[in-house]
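Sending over a structure as structure tokens; questions will come in a sec.
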Amino acid sequence: MTLRIYNTLTRQKEPFVPVEPGKVKMYTCGPTVYKPAHIGHMVGPVIFDTVRRYFEYLGYEVIWVLNITDVDDKLIARAREENTTVRELAERNTADYLECLRALGVEGIRYMPRATDHIPDMIRLIEGLLAKGHAYVANGDVYFDVTSDPDYGKLCHRDPEQMAAGARIEVSEKKRHPGDFALWKSAKAGEPAWDSPWGPGRPGWHIECSAMSMRYLGETLDIHGGGIDLQFPHHENELAQSESFTGKPFVRYWMHNGLLKFGQTKMAGSLGNVVNVRDLLQRYPGQTLRFFLLSTHYRSPIEFSEERLDALHKSLSAFYRFFDRYQRITGESFYGLQAPRRRREVHISNGPFAQDVLRLRQRFLDALDDDFNTQGAMGVLFELLTALNRYADEHRLEDPDHRQPTSTAVFRQATLVLRELTLVLGLFMTPPAVPAITSDKIVSELVQLLLDIRNECRKQKQYALADLIRSRLKDLGIVVEDRPGGSTWRLES
RNA sequence: GGCCCCUUAGCCAAGCGGCCUAAGGCAGCGGUUUGCAAAACCGCCAUUCCCGGGUUCGAAUCCCGGAGGGGCCUCCA
């Protein structure tokens, strides 16, 4: 099976064929940094990071651009409220955004251009649009003329006249058509402004993405991503101005992710129902949040709820317990496993177990091939986990007196497949943060001392005392587990 | 008002015309294991996919109608 992607433009799943063989040029719309990042801002980045990882796994070089909008009305207003500069406000919130991305395992953004660094590019674009008759100047503003583009409306699948009819857009008398949008806005007093052929001002919102994507990725992108709320007007406008300027297709595959909901409605800065990522990270590891965002197909809306996060957190702990188990059996860390980074045929030993593992691997890859079905893929991950645990049980791998080197080797190879697949999703990249007390020398030695005493009791069949020790440790949040290889302890999760 | 999308077990969620008497997770219930636990494993948990029609040899999957929910039409990831 080959990778197929749902394209908003055609409303169909299409086989992926890049513009340039071996390369994927991907542009995604980043945030307007006027406030700290909320969890809804993370949906796109986590999804497109996974898309990026999968493309790389398939052997493509991915050039991913994510822009930062660091000048607009909201930034100006907010900076005024906070009595600071637009620049300082933008810097602060950009730093917060980047920190959140890192916590959720989002990596590999090649370019992160800021709008304010590309004003000349935008001016050039606007001049070109004026020269070609796609734009007009009105009182220091420049507007895109939607009637000049016969394709206008093709992304949102709407007829511009129809839209204009029921429009609630404030009709500026400067605009010729209600659907026309600003490419350049003349500056009011006290606003950040740049010189331009039309006088001092600042760019309209949509033009930055056209200018910056062209700058870093060329005139035709493979993938353009963003939240479905950007489909119109933002992406429609980007599309119109880009294609009007270049005369070439702007984007091969438009990918739009569903929105994060809070209760019945979407989470949005404008509605004020946001949950800051930074706050959330106090209570949940970034890994759990990433897992949450991948637990639904990317085009579906996903409802935020702590109950759900708790349930997912719990289901994730089964993986962490397995990683510990893997270490007890093989003596090596799961996180250090050198799994293949490229998709290719894999061979394990013969036998039904190995066959099962390879079948599961195939199902996992089939799911991702089908428009990045991460939830389908994660379901397979759980089945693989069960298969691995079953194998370890059946072959008594935890019992040093019984385990066979050959079965341990098979187990290791099969676990390597799990490692390979989790890396594709960007899961379990690094060991989870452990509470400081767990790694405290005195604490761990004291607990070990109690376990030694307890095991002495067990040998002498003094179970009452042994159970008392276990129960008192439990009260302290320490769970004791007896295994063939010895007793272990962990903090209750 | 216009355009679009969604509706699967107590909850979350895959499924894209036959392998579906429908993955996976959470919760629940039995069991194996264990001195007892924990963990792990095994089994049970939707004859049915919002409702009503239709197409088809065959539909959760396609078409029509209805009900409910959501998104966009204005800044928004």
Side-chain angles (χ1 to χ4, degrees), chain A residues 4 6 8 11 13 28-32 34 37-48 66 69 72-74 153 156-159 162-170 179 205 225-234 236 256-261 264-271 291-292 295-297 299-303 305 307-308 310-318 321-322 324-325 363 367 370-371 373-383 385-386 388-394 398 458 461 463-464 466-467 470-471 474 479-484 487-490 492:
Chain A
R4 295 189 318 137
Y6 182 87
T8 310
R11 293 180 185 159
K13 285 184 198 170
T28 58
C29 289
T32 302
Y34 73 108
H38 68 255
I39 182 69
H41 287 130
M42 298 292 110
V43 179
V46 165
I47 284 158
F48 290 105
L66 184 149
T69 301
D72 92 318
D73 293 345
K74 288 196 295 294
C156 66
H157 306 103
R158 265 176 263 172
D159 170 21
Q162 217 173 24
M163 280 191 279
R168 302 203 306 249
I169 331 168
E170 58 162 299
W205 175 35
I228 188 67
D229 54 343
L230 296 183
Q231 182 185 2
F232 187 87
H234 185 52
E236 188 71 55
H256 288 103
N257 57 269
L259 302 181
L260 189 92
K261 298 199 303 171
Q264 289 289 60
T265 52
K266 70 167 176 171
M267 185 180 288
S270 54
L271 299 175
F291 197 71
F292 163 64
S295 70
T296 298
H297 184 90
R299 279 189 280 122
S300 307
I302 179 167
E303 189 175 330
S305 87
E307 296 70 49
R308 180 142 171 217
D310 291 337
L312 287 166
H313 186 73
K314 218 166 163 184
S315 68
L316 270 182
S317 66
R321 273 186 235 110
F322 173 79
D324 290 342
R325 187 177 198 192
R363 275 178 53 204
D370 185 10
D371 195 30
N373 182 356
T374 53
Q375 165 59 24
M378 292 199 320
V380 178
L381 242 36
F382 280 97
E383 293 184 62
L385 183 69
T386 300
L388 286 162
N389 272 320
R390 190 192 307 133
Y391 187 85
D393 281 358
E394 283 171 356
E398 285 214 55
R458 291 175 68 214
K461 299 206 188 304
Y463 293 122
D467 290 351
R470 184 174 62 196
S471 135
K474 178 94 197 299
V479 180
V480 175
E481 303 182 343
D482 298 327
R483 302 200 155 75
S487 299
T488 62
W489 65 278
R490 62 180 165 87
E492 210 164 17

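In what follows, chains are A, B, ... by sequence order, proteins preceding strands, each numbered from 1. The basis for the numbers below is simple: all heavy atoms, side chains too, and nothing from hydrogens, waters or symmetry mates.
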Between A:Ser487 and A:Arg483, a side-chain donor and acceptor under 3.5 Å =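 No, no side-chain donor-acceptor pair sits under 3.5 Å.
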
Could you state the atom-to-atom distance from CE of A:Met267 to P of B:rG71 in whole Å?
->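 Spelled out: CE on A:Met267 to P on B:rG71 is 13 Å.
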
Nearest-angstrom distance, P atom, B:rC42 to B:rU33 |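 Each nucleotide's P atom is 15 Å from the other's.
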
Contact class for A:Pro301 (heavy atom, under 4.0 Å): base, sugar-phosphate, or nothing?
->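 It contacts nothing in the nucleic acid.
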
Provide the Watson-Crick or G-U wobble partner of B:rC50, both distances under 3.5 Å; none if there is no partner.
->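 Matched B:rC50 with B:rG66 under the 3.5 Å cut-off.
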
After noting the C-alpha distance and the side-chain angles of A:Arg321 and A:Asp324, does the key distance pass the salt bridge (Lys or Arg N to Asp or Glu O under 4.0 Å) rule?
-> CA-CA 5 Å; A:Arg321 273 186 235 110; A:Asp324 290 342; over 6 Å; no

Contact class for A:Lys461 vs. all strands (heavy atom < 4.0 Å): base, sugar-phosphate, or nothing?
->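 Touches nothing.
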
Is the base of B:rA23 touched by the side chain of A:Gln375 through a donor-acceptor pair closer than 3.5 angstrom?
->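 Yes, the side chain and the base share a sub-3.5 Å donor-acceptor pair.
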
Check every atom of B:rA14, B:rC75, B:rA23 against the side chain of A:Lys74 and return the nucleotide holding the closest atom.
->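 When the side chain of A:Lys74 is considered, B:rC75 is the closest of B:rA14, B:rC75, B:rA23.
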
Name the nucleic acid region contacted by A:Gly30, choosing base, sugar-phosphate or nothing; use a 4.0 angstrom heavy-atom cut-off, strictly under.
->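 The answer is sugar-phosphate, as A:Gly30 gets under 4.0 Å only of primed atoms, P, OP1 or OP2.
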
Residue-phosphate contact under 4.0 Å: A:Thr32 side-chain N/O, B:rA77 OP1/OP2 |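 Affirmative; the distance criterion is met.
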
Minimum heavy-atom distance between A:Thr296 and A:Pro301, given as atom pair plus value |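 For A:Thr296 versus A:Pro301, the nearest heavy atoms are CG2-O, 4.1 Å.
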
List the atom of A:Tyr34, the atom of A:Lys74, and the distance in Å for their closest heavy-atom pair.
->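 So the minimum-distance heavy-atom pair works out to CE2-CE, 3.3 Å.
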
Can you name the ring-ring contact (aromatic ring centres under 6.0 Å, His included) partners of A:His297, sequence neighbours left out?
->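 Checked A:His297 against ring-ring contact (aromatic ring centres under 6.0 Å, His included); zero matches.
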
Whole angstrom is fine here: how far is it from CD1 in A:Ile302 over to P in B:rC11?
->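 Rounded to the whole Å, the gap is 18 Å.
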
Find out whether A:Arg299 and A:His256 are in side-chain contact, i.e. whether some heavy atom of one side chain is under 4.5 Å from a heavy atom of the other.
->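 They are not in contact (no side-chain heavy atoms under 4.5 Å apart), so the answer is no.
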
If pairing requires Watson-Crick or G-U wobble contacts with both distances under 3.5 Å, which nucleotide is the partner of B:rC75?
->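 Pairing partner: none.
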
Would you verify whether the NZ or CZ of A:Arg158 falls within 45 degrees of the ring axis of A:Phe232 while also being under 6.0 Å from that six-membered ring's centre?
->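 A:Arg158 over A:Phe232 ring: yes.
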
Roughly how far apart, to the nearest Å, are B:rA67 and B:rG52 at atom P?
->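 Comparing P positions in B:rA67 and B:rG52 gives a spacing of 15 Å.
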
Looking only at atom P, what distance separates B:rC72 and B:rA46, rounded to whole Å?
->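 About 37 Å, rounded to a whole number of Å.
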
Which base sits across from B:rA39 as a Watson-Crick or G-U pair, both distances under 3.5 Å?
->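 The base-pairing partner of B:rA39, which may sit in any strand shown, does not exist here.
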
Under 4.0 Å between any heavy atoms, over every strand shown, what does A:Thr265 touch: base, sugar-phosphate, or nothing? Just pick one.
->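 It contacts sugar-phosphate atoms only.
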
Tell me the partner of B:rU33, counting only Watson-Crick (N1-N3 plus N6-O4 or O6-N4) or G-U wobble (N1-O2 and O6-N3) with both under 3.5 Å; none if nothing fits.
->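 With both distances under 3.5 Å required, B:rU33 matches none.
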
Which nucleotide sits closest to the side chain of A:Gln264: B:rA77, B:rG70, B:rA23?
->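 It is B:rG70.
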
Rounding to the closest angstrom, what is the interatomic distance between B:rG28 and B:rA9 at atom C1'?
->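 Going atom to atom, C1' in each nucleotide, I get 12 Å.
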
For the residue pair A:Ile302 and A:Ser295, what are the closest heavy atoms and their distance?
->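 Heavy-atom minimum between the residues: CD1-OG, 4.3 Å.
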
Counting Watson-Crick and G-U wobble pairs only, both distances under 3.5 Å, name the nucleotide matched with B:rU61, or none.
->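 B:rU61 is unpaired by these criteria.
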
In whole Å, what separates the P atom of B:rA14 from that of B:rG53?
->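 About 29 Å, rounded to a whole number of Å.
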
Touch class at under 4.0 angstrom, heavy-atom based, for A:Leu381 against every strand present =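 No contact.
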
Could you work out the separation of B:rG69 and B:rA23 based on their C1' atoms and round it to a whole Å?
->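 So the two C1' atoms sit 25 Å from each other.
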
Check whether more than 12 heavy atoms from other residues, nucleotides or ligands sit under 6.0 Å from atom NZ of A:Lys13, and answer yes or no.
->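 Yes, because the 6.0 Å sphere around NZ of A:Lys13 holds more than 12 heavy atoms from other groups.
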
Round to a whole Å and report the spacing from CD of A:Glu303 to P of B:rG70.
->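 From A:Glu303 CD to B:rG70 P: 11 Å.
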
What does A:Gly44 touch in the nucleic acid at a heavy-atom separation under 4.0 angstrom: a base, only the sugar-phosphate, or nothing?
->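 If one applies the 4.0 Å heavy-atom cut-off, A:Gly44 turns out to touch nothing in the nucleic acid.
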
N/O contacts under 3.5 Å, protein versus nucleotides 15-21 of chain B?
{"unit_1": "B:rG15", "atom_1": "OP1", "unit_2": "A:Asn373", "atom_2": "ND2", "d": "2.7"}
{"unit_1": "B:rC16", "atom_1": "O2", "unit_2": "A:Lys13", "atom_2": "NZ", "d": "3.1"}
{"unit_1": "B:rC16", "atom_1": "N3", "unit_2": "A:Lys13", "atom_2": "NZ", "d": "2.2"}
{"unit_1": "B:rC16", "atom_1": "N4", "unit_2": "A:Lys13", "atom_2": "NZ", "d": "3.2"}

Looking across every strand, which nucleic acid part, if any, lies under 4.0 Å from A:Ser471 by heavy atom: base, sugar-phosphate, or nothing?
->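 The answer is nothing, as A:Ser471 stays clear of every strand by at least 4.0 Å.
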
Interatomic distance where NE2 belongs to A:His157 and C1' belongs to B:rG71 [whole Å] |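 In whole Å, B:rG71 C1' and A:His157 NE2 are 15 Å from each other.
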
Could you tell me whether A:Gly226 contacts a base, only the sugar-phosphate backbone, or nothing, with contacts defined as non-hydrogen atoms closer than 4.0 Å?
->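 Answer is sugar-phosphate: A:Gly226 comes under 4.0 Å of backbone atoms only.
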
When the nearest nucleotide of RNA chain B is assigned to A:Leu312 and to A:Tyr6 on a heavy-atom basis, which residue is associated with the more 5' position?
->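 Going by which nucleotide is closer to the 5' end, it is A:Tyr6.
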
Atom pair distance, as rounded to whole Å: NE2 in A:His256 and C1' in B:rC6 |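 Value for this atom pair: 18 Å.
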
Across all strands shown, which nucleotide pairs with B:rG10 by Watson-Crick or G-U wobble geometry, both distances under 3.5 Å?
->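 Paired with B:rG10, as far as the under-3.5 Å criterion goes, is B:rC26.
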
Starting at CG of A:Asp229 and ending at C1' of B:rG70, how long is that distance when rounded to a whole Å?
->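 From A:Asp229 CG to B:rG70 C1': 13 Å.
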
Can you give one letter per nucleotide of nucleotides 35-44 of chain B, 5' to 3': B if a protein heavy atom sits under 4.0 Å from the base, S if only from the sugar-phosphate, - if neither?
-> BBBBSSSS--

Is it true that A:Arg325 and A:Asp393 have a side-chain N and a carboxylate O under 4.0 angstrom from each other?
->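 Salt bridge flag = yes for A:Asp393 with A:Arg325.
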
Gap between atoms CG and P, on A:Asn257 and B:rG71 respectively (whole Å) |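 From A:Asn257 CG to B:rG71 P: 15 Å.
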
How would you label the contact of A:Leu230 with the nucleic acid (heavy atoms, under 4.0 Å): base, sugar-phosphate, or nothing?
->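 Contact class for A:Leu230: sugar-phosphate only.
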
Is A:Ser270 touching bases, backbone alone, or none of the nucleic acid, heavy atoms closer than 4.0 Å?
->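 Touches a base.
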
Pairwise P distance for B:rC19 and B:rU61, with rounding to whole Å =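 Approximately 13 Å lies between the P atom of B:rC19 and that of B:rU61.
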
Between B:rA13 and B:rC50 - P atom distance, rounded Å |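 The answer is 14 Å between these two P atoms.
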
Does OP1 or OP2 of B:rG71 have a side-chain N or O of A:Lys261 closer than 4.0 Å?
->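 Result: no.
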
Could you state the CZ-C1' distance from A:Phe382 to B:rG25, rounded to the nearest angstrom?
->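 The distance from CZ of A:Phe382 to C1' of B:rG25 comes to 5 Å, rounded to the nearest Å.
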
